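This is a predicted model, so every value here is computed, not measured. In this chain, numbering begins with 1 at the start of the sequence shown.
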Amino acid sequence: MKCQSEYPYPKLDSIVRNPQSARLIMHSYAGDVSEDTAIHQYLFQSVILKEKDEEVSEILEQIAEVEMHHFQYLAELIQQLGVYPVFVDPIVDKNEFWTSRYVCYDVEVEDILEMDMEAEKKAIMQYQSLIHVIEDQQVKEALRRIVVDEKIHLEIFEKLLSVR
């Protein structure tokens, strides 16, 4: 199943330093609704569902791989903006470190798909908010590209849930 757009990610080689934008992006990098959380959540779910529903398990693993790419891409973007891409959320409680408490540990297929749909919706809204407040057009394009994949993930989860 196609879990990622064929549209290329914008290059990050001429990003202008802006630590304030980097800190805003770090919420999507390692906050409660973030690429870090998505990776851990989808990999956990993939393992849990391997015997219950192999198809969903494999799709979750593929989506996790796309989220890993987003995670690395955001790390590079954050660094280009002038901040080390550590696993903290500077927006919440002054640098709260990423925690596995953010991961949803549901084990039933329908519950997992519903939770994942909600997580993707929140991620999309979060990226769209960033796009609205960040002024740098290159950064906006980078974030818009990630949103394209997140919308594909949402569509996948909606389709999988509709056949249950």
Open item on the list: If you define the side chain from C-beta out and look only at heavy atoms, does anything of L43 sit under 4.5 Å from M68?
Closed with: yes

| said: Please confirm whether the ring centroid of F97 lies under 6.0 Å from the ring centroid of F87. | reply: no

* To do: Would you check if the side chain of Q79 reaches a backbone N or O of Y84 as a donor-acceptor pair within less than 3.5 Å?
  => no

Result for side chain to side chain contact (heavy atoms under 4.5 Å, CB included) between I124 and one of Q128, Q126, K121, K122 points to Q128

- prompt: Yes or no on side chain to side chain contact (heavy atoms under 4.5 Å, CB included) for V83 and I25, after CA distance, side-chain angles and deciding distance?
  reply: CA-CA 11 Å; V83 175; I25 293 167; over 6 Å; no

The reported gap from CD1 in I78 to OH in Y73 (rounded to nearest 0.5 angstrom) is 12.0 Å

One should read off an interatomic distance between I146 CD1 and E67 CD, to the nearest 0.5 angstrom, of 9.0 Å

Here the gap from N18 atom CG to R23 atom CZ, rounded to the nearest 0.5 Å, amounts to 9.0 Å

Heavy-atom check, side chain of L130 versus side chain of S28, under 4.5 Å
yes

### Short side-chain donor-acceptor distance under 3.5 Å, Q4 and H69
no

### Query
Hey, is CD on Q20 packed in by over 12 heavy atoms from elsewhere, all under 6.0 Å?
no

### Query
Is there side-chain contact between E141 and R144, with at least one heavy-atom pair below 4.5 Å?
yes

Tightest non-hydrogen contact, residues S100 and Y105, listed as O-OH, 3.0 Å

(request) Might you work through the side chain to side chain contact (heavy atoms under 4.5 Å, CB included) test for D116 and L60, ending with a clear yes or no? (result) CA-CA 10 Å; D116 292 349; L60 284 164; 3.5 Å; yes

Original post:
Is D149 reaching over with its side chain to a backbone N or O of S5, donor-acceptor style, under 3.5 angstrom?
Top reply: yes

Residues 155-164 vs side chain to side chain donor-acceptor pair (under 3.5 Å), sequence neighbours excluded, gives D53-R164

- Determine whether V47 and L113 fall in the same hydrophobic cluster, where Ile, Leu, Val, Met, Phe, Trp and Tyr are linked whenever their side-chain heavy atoms lie under 4.5 Å apart. no

Without swapping roles, check the side chain of Y127 against the backbone of R145 for a donor-acceptor pair under 3.5 Å.
-> no

| query | Do H27 side-chain atoms and S34 backbone N/O form a donor-acceptor pair below 3.5 Å? | reply | no

| task | Please answer: with hydrophobic residues joined when any side-chain heavy atoms are less than 4.5 Å apart, are L77 and V33 in the same cluster? | result | no

Q.
With a 4.5 Å cut-off on side-chain heavy-atom distances among I, L, V, M, F, W and Y, is there a chain of contacts connecting M1 to Y42?
A. yes

message = Tell me if the CE atom of M115 is crowded by more than 12 foreign heavy atoms within 6.0 Å.
response = no

Quiz item: Going by heavy atoms in the side chains, are M26 and D89 under 4.5 Å from each other?
Solution: no

Under 4.5 Å between side-chain heavy atoms, hopping through other hydrophobics if needed: is there a path connecting L154 to I112?
yes

Taken to the nearest 0.5 Å, the spacing of I63 CD1 from Q45 CD works out to 9.5 Å

Would you check, one step at a time, whether the test side-chain hydrogen bond (donor to acceptor under 3.5 Å, both in side chains) holds for H70 with Y9?
CA-CA 10 Å; H70 294 168; Y9 291 86; 3.3 Å; yes

#### Entry: Side chain to side chain, K140 and H132, heavy atoms closer than 4.5 Å
no

Item to check | Short side-chain to backbone donor-acceptor contact, Y29 and D36, under 3.5 Å | outcome: no

- Is the backbone of S57 close enough, under 3.5 Å, to the side chain of S46 for a donor and an acceptor to pair up by distance? yes

d(E55 CD, L160 CG) to nearest 0.5 Å is 6.0 Å

Distance col, row I134:CD1 vs L143:CG, nearest 0.5 angstrom, shows 5.5 Å

Would I156 and C3 count as a side chain to side chain contact (heavy atoms under 4.5 Å, CB included) if you check the C-alpha gap in whole Å, the side-chain angles of each, and the deciding distance to 0.1 Å?
-> CA-CA 8 Å; I156 290 168; C3 298; 3.9 Å; yes

Decide side chain to side chain contact (heavy atoms under 4.5 Å, CB included) for L74 and E35; before the verdict, give the C-alpha distance in whole Å, the side-chain angles of both, and the deciding distance to 0.1 Å. CA-CA 9 Å; L74 286 180; E35 300 300 335; 3.7 Å; yes

Looking only at heavy atoms, the pair that brings A22 and L81 closest together is CB-CB, 3.6 Å

Q: Measure the shortest side-chain to side-chain distance between E65 and E61 over non-hydrogen atoms and say whether it is less than 4.5 angstrom.
A: yes

- Are V88 and E96 side-chain neighbours, meaning at least one heavy-atom pair lies under 4.5 Å? no

Can you tell me if NZ on K151 sees more than 12 non-hydrogen neighbours from other groups inside 6.0 Å? no

Is it true that E108 and K52 have a side-chain N and a carboxylate O under 4.0 angstrom from each other? yes

Exercise for review: Decide whether V16 and V139 are clustered together by the hydrophobic rule: side chain heavy atoms of Ile, Leu, Val, Met, Phe, Trp, Tyr closer than 4.5 Å, transitively.
Suggested key: no

Closest non-hydrogen atoms of V107 and L49, given as atom of the first, atom of the second and distance, are O-CD2, 3.8 Å

message: In this structure, is the centre-to-centre distance between the rings of H40 and Y102 below 6.0 Å?
response: no

